[in-house]
Peer 1: 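This is the structure I have questions about; it appears just below.
By convention here, the first residue in the shown sequence is residue 1.
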Amino acid sequence: LEKMTDLVAVWEVALSDGVHKIEFEHGTTSGKRVVYVDGKEEIRREWMFKLVGKETFTVGATKTKAAINIDAVSGFAYEYTLEINGKSLKQYLENRLKTTNTWILSLGGTDYRIVLEKDTMDVWCNGEKMETAGEFVEDGTETHFTVADHSCCIKAVSSGKRKEGIIHTLIVDNREIPEVVE
């Protein structure tokens, strides 16, 4: 693998199936553009005469749409911005905080990253969509699934406050796992 000499930008993006690293090479003399996702080359263009523009690609198992915008700032300086699902990375991450819950836990020496997509109630663990069973209980709902022979349950209960909405709690082996903010 050749050395990435024209590396101009690196982003880390947390999606439901994991945290993905996006790297971008831009050769301003050769016009080269290369996009890597998780170390794998996704796009390579040599001898691009137009140095500004946009490169679009997908990220992760969910094939999330991504784009890198290349804009001239002044002279030979360029600015690189990443968009996810048509939103700036900042807007995407702010929206993601509202639509997902993420927990990190260790079971038997292995780390697990569990993500709940609140709109679909899909549960992801280390990049795989889990088989779940949902049930209504007295104070809300419970979504049951298994990770490494451990029984897991995401409880959804109303906060009683309209602005807060529903509170989701992950319980593994009868102990509550604290949520993380990515």
Side-chain angles (χ1 to χ4, degrees), residues 1-106 110-132 145 147 154 165 168 170 178-182:
L1 193 74
E2 68 183 58
K3 185 124 174 70
M4 289 193 269
T5 51
D6 296 321
L7 188 68
V8 293
V10 177
W11 296 275
E12 294 220 334
V13 183
L15 301 177
S16 294
D17 70 332
V19 178
H20 299 280
K21 185 176 184 180
I22 297 168
E23 298 167 290
F24 183 56
E25 284 185 51
H26 189 215
T28 52
T29 49
S30 65
K32 174 181 78 171
R33 295 181 191 175
V34 188
V35 175
Y36 298 92
V37 177
D38 299 327
K40 185 176 158 285
E41 188 175 296
E42 289 294 318
I43 297 172
R44 176 178 287 271
R45 299 193 202 297
E46 304 282 352
W47 303 108
M48 300 275 297
F49 293 103
K50 198 166 168 239
L51 291 174
V52 296
K54 183 182 237 179
E55 292 296 339
T56 56
F57 53 99
T58 62
V59 179
T62 53
K63 297 271 182 241
T64 302
K65 286 183 178 59
I68 296 172
N69 294 304
I70 307 153
D71 297 299
V73 184
S74 65
F76 291 99
Y78 297 88
E79 183 179 76
Y80 308 96
T81 51
L82 178 67
E83 285 179 7
I84 304 289
N85 280 339
K87 295 183 174 93
S88 73
L89 184 58
K90 183 177 185 285
Q91 288 173 312
Y92 171 79
L93 293 173
E94 284 169 1
N95 183 54
R96 193 169 160 74
L97 282 175
K98 295 179 193 133
T99 60
T100 62
N101 289 77
T102 304
W103 297 272
I104 308 264
L105 66 145
S106 184
T110 304
D111 288 342
Y112 295 94
R113 179 176 175 272
I114 296 173
V115 177
L116 168 68
E117 292 180 356
K118 295 182 205 176
D119 51 352
T120 58
M121 291 305 285
D122 286 342
V123 175
W124 292 77
C125 179
N126 289 2
E128 286 185 45
K129 199 162 145 186
M130 303 299 289
E131 286 288 320
T132 61
F145 57 101
V147 173
I154 296 175
H168 296 88
L170 175 64
E179 188 181 350
V180 296
V181 176
E182 293 183 306

Peer 1: Return the minimal non-hydrogen interatomic distance between Thr100 and Glu179, and the atom names on each side.
Peer 2: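 Smallest interatomic distance, heavy atoms only, reads O-OE2, 4.3 Å.
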
Peer 1: Do the side chains of Ile104 and Tyr112 get nearer than 4.5 Å, heavy atoms only?
Peer 2: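 Heavy-atom side-chain distance check fails, nothing below 4.5 Å.
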
Peer 1: Rounded to the nearest 0.5 Å, how far does CD1 of Ile114 lie from CD1 of Ile154?
Peer 2: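 Answer for the CD1-CD1 pair, Ile154 versus Ile114, is 7.0 Å.
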
Peer 1: Among all residues two or more places apart in sequence or in another chain, which pass the salt bridge (Lys or Arg N to Asp or Glu O under 4.0 Å) test with Lys50?
Peer 2: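 For Lys50 there are no salt bridge (Lys or Arg N to Asp or Glu O under 4.0 Å) partners, ignoring immediate neighbours.
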
Peer 1: Stepwise, does the side chain to side chain contact (heavy atoms under 4.5 Å, CB included) test hold for Val35 with Glu23?
Peer 2: CA-CA 6 Å; Val35 175; Glu23 298 167 290; over 6 Å; no

Peer 1: Do Thr64 and Thr58 come within less than 4.5 Å of each other through their side chains, counting heavy atoms only?
Peer 2: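 Sidechains of Thr58 and Thr64: no contact.
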
Peer 1: Restricting to salt bridge (Lys or Arg N to Asp or Glu O under 4.0 Å), what partner residues turn up for Glu94, sequence neighbours left out?
Peer 2: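 Checked Glu94 against salt bridge (Lys or Arg N to Asp or Glu O under 4.0 Å); matches are Lys90.
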
Peer 1: Decide side chain to side chain contact (heavy atoms under 4.5 Å, CB included) for Leu116 and Trp124; before the verdict, give the C-alpha distance in whole Å, the side-chain angles of both, and the deciding distance to 0.1 Å.
Peer 2: CA-CA 7 Å; Leu116 168 68; Trp124 292 77; over 6 Å; no

Peer 1: Once rounded to the nearest 0.5 Å, what's the spacing between atom CZ of Arg44 and atom OH of Tyr36?
Peer 2: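 Interatomic distance, Arg44 CZ to Tyr36 OH, rounded to 0.5 Å: 5.0 Å.
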
Peer 1: Does atom CD of Glu131 have more than 12 heavy-atom neighbours, drawn from other residues, nucleotides or ligands, at distances under 6.0 Å?
Peer 2: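 Open: at most 12 neighbouring heavy atoms sit under 6.0 Å from CD of Glu131.
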
Peer 1: In terms of side-chain geometry, is the basic nitrogen of Glu25 or Lys32 positioned less than 4.0 Å from the acidic oxygen of its partner?
Peer 2: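 Salt bridge: yes.
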
Peer 1: Can you tell me if Asp17 uses its side chain to pair, donor with acceptor, with the backbone of Gly60 under 3.5 Å?
Peer 2: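 Absent.
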
Peer 1: Could you check whether Glu55 pairs with Arg45 (Lys NZ or Arg NE/NH1/NH2 to Asp/Glu carboxylate O, under 4.0 Å)?
Peer 2: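 Result for this pair is yes, salt bridge flagged.
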
Peer 1: Does the side chain of Ile43 come within less than 4.5 Å of Arg33's, by heavy atoms?
Peer 2: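 With C-beta onward as the side chain, the pair stays apart.
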
Peer 1: Enter the distance from His20:NE2 to Asp38:CG here, rounded to the nearest 0.5 Å.
Peer 2: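 Here the rounded value is 5.5 Å.
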
Peer 1: Which heavy-atom pair separates Leu51 from Gly27 by the least distance, and what is that distance?
Peer 2: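 Distance-wise, the nearest heavy atoms are CD2-O, 4.1 Å.
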
Peer 1: Could you check if a side-chain atom of Arg113 sits within less than 4.5 angstrom of a side-chain atom of Thr102, using non-hydrogen atoms only?
Peer 2: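 The answer is yes; the side chains approach within 4.5 Å.
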
Peer 1: Which residue is it: Asp111, Leu170, Val180? I am looking for the one with a side-chain contact (heavy atoms from CB on, under 4.5 Å) to Leu105.
Peer 2: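 By the side-chain contact (heavy atoms from CB on, under 4.5 Å) criterion, Leu105 pairs with just one of Asp111, Leu170, Val180: Leu170.
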
Peer 1: Return each pair, listed once, that meets side chain to side chain donor-acceptor pair (under 3.5 Å) where at least one residue sits in residues 7-16; pairs must be two or more places apart or across chains.
Peer 2: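 The answer is Ser16-Glu117.
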
Peer 1: Between CG of Leu93 and CD1 of Ile84, what distance do you get to the nearest 0.5 Å?
Peer 2: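 Here the rounded value is 8.0 Å.
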
Peer 1: CD1 of Ile22 to CZ of Phe24: how many Å apart, nearest 0.5 Å?
Peer 2: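 It comes to 11.5 Å.
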
Peer 1: Applying salt bridge (Lys or Arg N to Asp or Glu O under 4.0 Å) as the test, list every pair that has at least one member in residues 118-129; sequence neighbours left out.
Peer 2: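 Applying salt bridge (Lys or Arg N to Asp or Glu O under 4.0 Å) to every pair that reaches into residues 118-129, excluding sequence neighbours, yields Asp122-Lys129.
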
Peer 1: Only pairs under 3.5 Å count here: list side-chain donor-acceptor contacts from residues 67-82, not counting sequence neighbours, and write none if there are none.
Peer 2:
unit_1	atom_1	unit_2	atom_2	d
Asn69	ND2	Glu83	OE2	2.9
Tyr80	OH	His26	ND1	2.7

Peer 1: Are Val13 and Val59 packed together at the side-chain level, in the sense that at least one heavy-atom pair is separated by less than 4.5 angstrom?
Peer 2: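 Side-chain contact under 4.5 Å: no.
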
Peer 1: Please collect all ring-ring contact (aromatic ring centres under 6.0 Å, His included) contacts where either partner lies in residues 40-75, sequence neighbours excluded, each pair once.
Peer 2: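 Listed by first then second residue: nothing to list.
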
Peer 1: If we only count heavy atoms from C-beta on, is the Val115 to Val123 side-chain gap below 4.5 Å?
Peer 2: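 No; the side chains remain at least 4.5 Å from each other.
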
